[in-house]
Q: 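Sharing a structure with you now.
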Protein chains: 2
Amino acid sequence: MAAPKKRFDEMVAKLKEHGYRLTPQRMAVLKALADSDDHPTIEKIFKRVKPDFSSTSLATIYKTVTLLKELGEVYELSLSEGNRYDAMKPFPHPHLICVNCDTVTDVDINHLADLAAEMSRKTGYRILNQRVDFFGICTDCQAE
Amino acid sequence: MAAPKKRFDEMVAKLKEHGYRLTPQRMAVLKALADSDDHPTIEKIFKRVKPDFSSTSLATIYKTVTLLKELGEVYELSLSEGNRYDAMKPFPHPHLICVNCDTVTDVDINHLADLAAEMSRKTGYRILNQRVDFFGICTDCQAE
DNA sequence: GTATGTGCAAAGAGTTTGCAGGGTA
DNA sequence: TACCCTGCAAACTCTTTGCACATAC
């Protein structure tokens with residue numbers, strides 16, 4: 001677990017810094033995001049916020065997550081099965097995705113920056129970001 | 001251009017082989033796909049089919065593309081801006097995507113299979129496929 | 001002739017937006 | 001107090017589905 005309190009405080013600071021109001025609804029979303037290392041869907045964030053703040057609406061979750069995305073505090077991983085959100089590592093990074101149970105795991109790839117540089121050199125593109133994801137069956141699902 | 005006639009014939013053969021009927025609508029979609037090396041959207045395929053077959057509906061395009069996808073003759077590249085389709089290389093392969101003009105280009109990466117094997121070894125996942133895409137600004141858009 | 005395919009329109013899923021009332025700063 | 005934020009419902013986009021008619025084989 002990557003210090004949830006620290007991420008929460010960072011995100012609160014970012015909102016303050018940009019003059020956004022610290023409403024209880026926003027705090028609840030930040031808390032849910034800072035506690036989630038499983039790349040939750042919007043629906044899942046909604047369900048995690050509800051116990052703390054039962055009157056919250058889905059629209060507010062969407063608005064808050066979109067805001068945090070624009071501030072660079074949340075990374076959106078768009079999959080054909082639906083979008084997933086990551087507030088732990090709010091920047092592009094490689095994933096392993098189990099096509100059976102939809103678990104999303106972070107992975108490290110050593111020479112990813114080199115790969116982007118090579119693409120840029122070969123094609124003339126100015127590379128802004130990349131997406132490297134592997135789809136497969138996780139060990140738990142293989143055991144079933 | 002990767003021999004449009006050949007791809008068209010291959011796709012026709014695949015439909016026949018599986019007992020699907022060769023309707024004029026389907027032929028028009030196959031032709032549009034076999035002629036398109038720009039990773040078209042469904043809407044674009046629709047527009048390319050219309051001149052040949054003005055009564056075609058969007059629903060039929062969706063149904064035909066979905067069928068070809070299931071038969072492994074079309075690869076679906078799902079982007080947050082909308083899905084793109086590739087009948088030239090109907091399998092996962094790396095892309096360069098211009099975030100300004102939405103152009104999608106194929107690229108080669110030498111050791112992609114090695115990368116997947118390394119992931120599998122590190123994590124225990126059985127890797128089925130992967131997605132490696134780079135987002136940036138193409139040379140044309142840089143010049144503007 | 002018969003089952004499959006088409007085309008329309010309606011239904012769905014996921015997400016965004018307009019607006020009136022409420023709450024933060 | 002003033003403006004921003006919330007929550008509801010409606011709108012929107014993309015895609016799928018049900019059904020009656022048409023048609024490939």
Side-chain angles (χ1 to χ4, degrees), chain A residues 11-33 39-71 73-85 102, chain B residues 11-33 39-71 73-85 102:
Chain A
M11 291 192 280
V12 169
K14 192 64 153 282
L15 286 180
K16 263 189 187 158
E17 179 190 326
H18 287 261
Y20 292 107
R21 292 185 182 169
L22 306 181
T23 64
Q25 289 90 333
R26 279 184 179 156
M27 294 304 100
V29 173
L30 294 195
K31 184 168 165 292
L33 283 170
H39 303 76
T41 59
I42 286 281
E43 205 65 45
K44 218 163 213 167
I45 298 167
F46 183 45
K47 283 191 186 127
R48 285 173 194 173
V49 168
K50 257 189 170 167
D52 290 19
F53 208 95
S54 62
S55 71
T56 312
S57 72
L58 246 190
T60 298
I61 310 289
Y62 273 108
K63 285 168 186 168
T64 304
V65 171
T66 301
L67 175 61
L68 290 168
K69 203 171 62 181
E70 285 164 3
L71 293 174
E73 294 296 312
V74 163
Y75 172 69
E76 181 182 74
L77 175 66
S78 60
L79 300 174
S80 44
E81 303 74 39
N83 293 345
R84 311 279 294 247
Y85 297 89
D102 287 331
Chain B
M11 290 192 279
V12 169
K14 192 63 154 280
L15 286 180
K16 262 190 188 157
E17 180 191 325
H18 287 261
Y20 293 105
R21 293 184 182 170
L22 306 180
T23 65
Q25 289 90 334
R26 278 182 180 159
M27 295 303 100
V29 173
L30 294 195
K31 184 166 164 293
L33 283 170
H39 303 75
T41 59
I42 287 281
E43 205 65 45
K44 220 163 211 167
I45 298 167
F46 183 45
K47 282 190 186 127
R48 286 174 194 173
V49 167
K50 258 190 170 165
D52 290 18
F53 209 95
S54 62
S55 72
T56 312
S57 71
L58 245 190
T60 299
I61 309 287
Y62 273 109
K63 285 168 185 167
T64 304
V65 171
T66 301
L67 175 60
L68 291 168
K69 204 172 62 180
E70 285 164 2
L71 293 174
E73 294 295 312
V74 163
Y75 173 70
E76 181 181 76
L77 175 66
S78 59
L79 300 174
S80 43
E81 302 76 38
N83 293 345
R84 310 280 293 249
Y85 297 89
D102 287 332

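Numbers restart at 1 for each chain; the letters A, B, ... are given by sequence-line order, proteins then strands. Scope of the values below: all heavy atoms of this structure, side chains included, with no hydrogens, waters or symmetry mates.
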Q: So does B:Lys50 get a backbone contact from the side chain of B:Ser54, meaning a donor-acceptor N/O pair under 3.5 Å?
A: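 Flag not set: sc B:Ser54 to bb B:Lys50 has no pair under 3.5 Å.
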
Q: Ignoring backbone atoms, test whether A:Gln25 places a side-chain nitrogen or oxygen under 4.0 Å from the OP1 or OP2 oxygen of D:dC5.
A: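 So the side-chain polar atoms of A:Gln25 never come under 4.0 Å of the phosphate oxygens OP1 or OP2 of D:dC5.
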
Q: Measure CG/A:Leu68 against P/D:dC5 and give the value in whole Å, please.
A: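 Atom-to-atom, A:Leu68 to D:dC5, this comes out as 12 Å.
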
Q: Would you jot down, in residue-number order, the residues of residues 41-54 of chain B having a non-hydrogen atom under 4.0 Å from DNA chain C?
A: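 The answer is B:Phe53.
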
Q: Provide, to the nearest angstrom, the distance between the CG atom belonging to B:Leu58 and the P atom belonging to D:dT15.
A: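 For the pair B:Leu58 CG and D:dT15 P, the rounded distance is 9 Å.
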
Q: Does some side-chain heavy atom of B:Leu22 sit less than 4.5 Å from a side-chain heavy atom of B:Lys16?
A: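 A side-chain contact exists here, since the closest heavy-atom pair is under 4.5 Å.
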
Q: Compare the minimum distances between each of C:dA9, C:dT16, C:dT17 and the side chain of A:Lys63, then state the nucleotide with the smallest one.
A: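 My answer, after comparing the listed nucleotides, is C:dT17.
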
Q: From CG of B:Leu79 over to C1' of D:dT13, roughly how many Å is that when rounded to an integer?
A: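 About 16 Å, once rounded to whole Å.
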
Q: Side chain of B:Asn83 only, heavy atoms from C-beta on: which candidate in C:dT24, D:dT15, C:dG7 is closest?
A: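 Selected nucleotide (nearest to the side chain): D:dT15.
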
Q: Both A:Glu76 and B:Tyr20 contact DNA chain C. Which one's nearest nucleotide lies toward the 5' end?
A: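 Looking at DNA chain C, the more 5' nearest nucleotide goes with B:Tyr20.
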
Q: Is a side-chain N or O of B:Arg84 found less than 3.5 angstrom from the main chain of B:Leu77, in a donor-acceptor match?
A: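 No: the side chain of B:Arg84 does not pair with the backbone of B:Leu77.
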
Q: Could you point out which residue of A:Thr56, A:Leu33, A:Thr64 forms a side chain to side chain contact (heavy atoms under 4.5 Å, CB included) with A:Ile45?
A: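 Filter result, single survivor: A:Leu33.
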
Q: Taking atom P of D:dC25 as reference, at what distance in whole Å does atom NE2 of B:His18 sit?
A: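 Taking NE2 of B:His18 and P of D:dC25, I get 16 Å after rounding.
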
Q: Among D:dC5, C:dG5, D:dC8, which nucleotide has an atom closest to any side-chain atom of B:Arg26?
A: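 Nearest to the side chain of B:Arg26 among the choices is C:dG5.
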
Q: Could you tell me how far apart B:Lys16 (NZ) and D:dA24 (P) are, to the nearest whole angstrom?
A: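 So the two atoms are 14 Å apart, to the nearest Å.
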
Q: Given C:dA25, D:dC14, C:dC8, identify the nucleotide with an atom nearest to the side chain of B:Ser57.
A: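 It is C:dC8.
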
Q: When rounded to the nearest 0.5 angstrom, what distance separates CD in A:Glu76 from OH in A:Tyr85?
A: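 Between A:Glu76 CD and A:Tyr85 OH, I get 4.0 Å after rounding to 0.5 Å.
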
Q: To check you understand the geometry: which heavy-atom pair defines the closest contact between B:Lys44 and B:Pro40, and what is its length?
A: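 The pair with the smallest heavy-atom distance is CB-CB, 3.9 Å.
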
Q: Just wondering, do A:Asp102 and A:Leu79 contact through their side chains at under 4.5 Å, heavy atoms?
A: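 A:Leu79 vs A:Asp102: side chains apart.
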
Q: Using OP1 and OP2 only, check whether a side-chain N or O of A:Tyr62 sits under 4.0 Å from C:dT15.
A: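 For C:dT15, OP1 or OP2 has a side-chain N or O of A:Tyr62 closer than 4.0 Å.
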
Q: Considering just the side-chain nitrogens and oxygens of A:Thr23, establish if one lies under 4.0 Å of OP1 or OP2 belonging to D:dT6.
A: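 So the side chain of A:Thr23 is within the cut-off, an N or O lying under 4.0 Å from OP1 or OP2 of D:dT6.
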
Q: Could you give the distance from CE (B:Met27) to CE (B:Met11), rounded to the nearest 0.5 Å?
A: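 Spacing of CE (B:Met27) from CE (B:Met11) equals 9.5 Å.
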
Q: Could you tell me the separation between the CG atom of A:Leu67 and the C1' atom of D:dC4, rounded to a whole number of Å?
A: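 Taking atom C1' of D:dC4 as the reference, CG of A:Leu67 is at 12 Å.
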
Q: Bend across the helix from C:dG1-D:dC25 to C:dA25-D:dT1, to 10°, with axes taken over 5 pairs at each end?
A: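 Here the local axes at opposite ends form an angle of 30°.
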
Q: Atom CD1 of B:Ile61 and atom P of C:dT6: how far apart are they, to the nearest Å?
A: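 Roughly 10 Å, once rounded to whole Å.
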
Q: Please determine whether any donor N or O and acceptor N or O are separated by less than 3.5 Å between the side chain of B:Arg21 and the base of D:dC25.
A: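 Looking at the base of D:dC25, it does not pair with any donor or acceptor on the side chain of B:Arg21 (distance under 3.5 Å).
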
Q: Counting side-chain heavy atoms from CB outward, which of D:dG18, C:dA25, D:dG7 is closest to A:Leu22?
A: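 Out of D:dG18, C:dA25, D:dG7, the nucleotide with an atom closest to A:Leu22's side chain is C:dA25.
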
Q: Tell me whether B:Lys14 at atom NZ has more than 12 heavy atoms from other residues, nucleotides or ligands lying less than 6.0 Å away.
A: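 Yes, enclosed.
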
Q: Would you kindly give the CD-to-P distance between B:Glu81 and D:dT15, to the nearest whole Å?
A: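 Going from CD in B:Glu81 over to P in D:dT15 covers 12 Å.
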
Q: Taking the nucleotide of DNA chain D with the closest heavy atom to each, which residue, A:Ala59 or A:Gly19, is nearer the 5' end?
A: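 With A:Ala59 and A:Gly19 compared, the 5'-side residue is A:Gly19.
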
Q: So, do B:Ile61 and B:Gln25 sit near enough that their side-chain heavy atoms are less than 4.5 Å apart?
A: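 Of all side-chain heavy-atom pairs linking B:Gln25 with B:Ile61, none is under 4.5 Å.
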
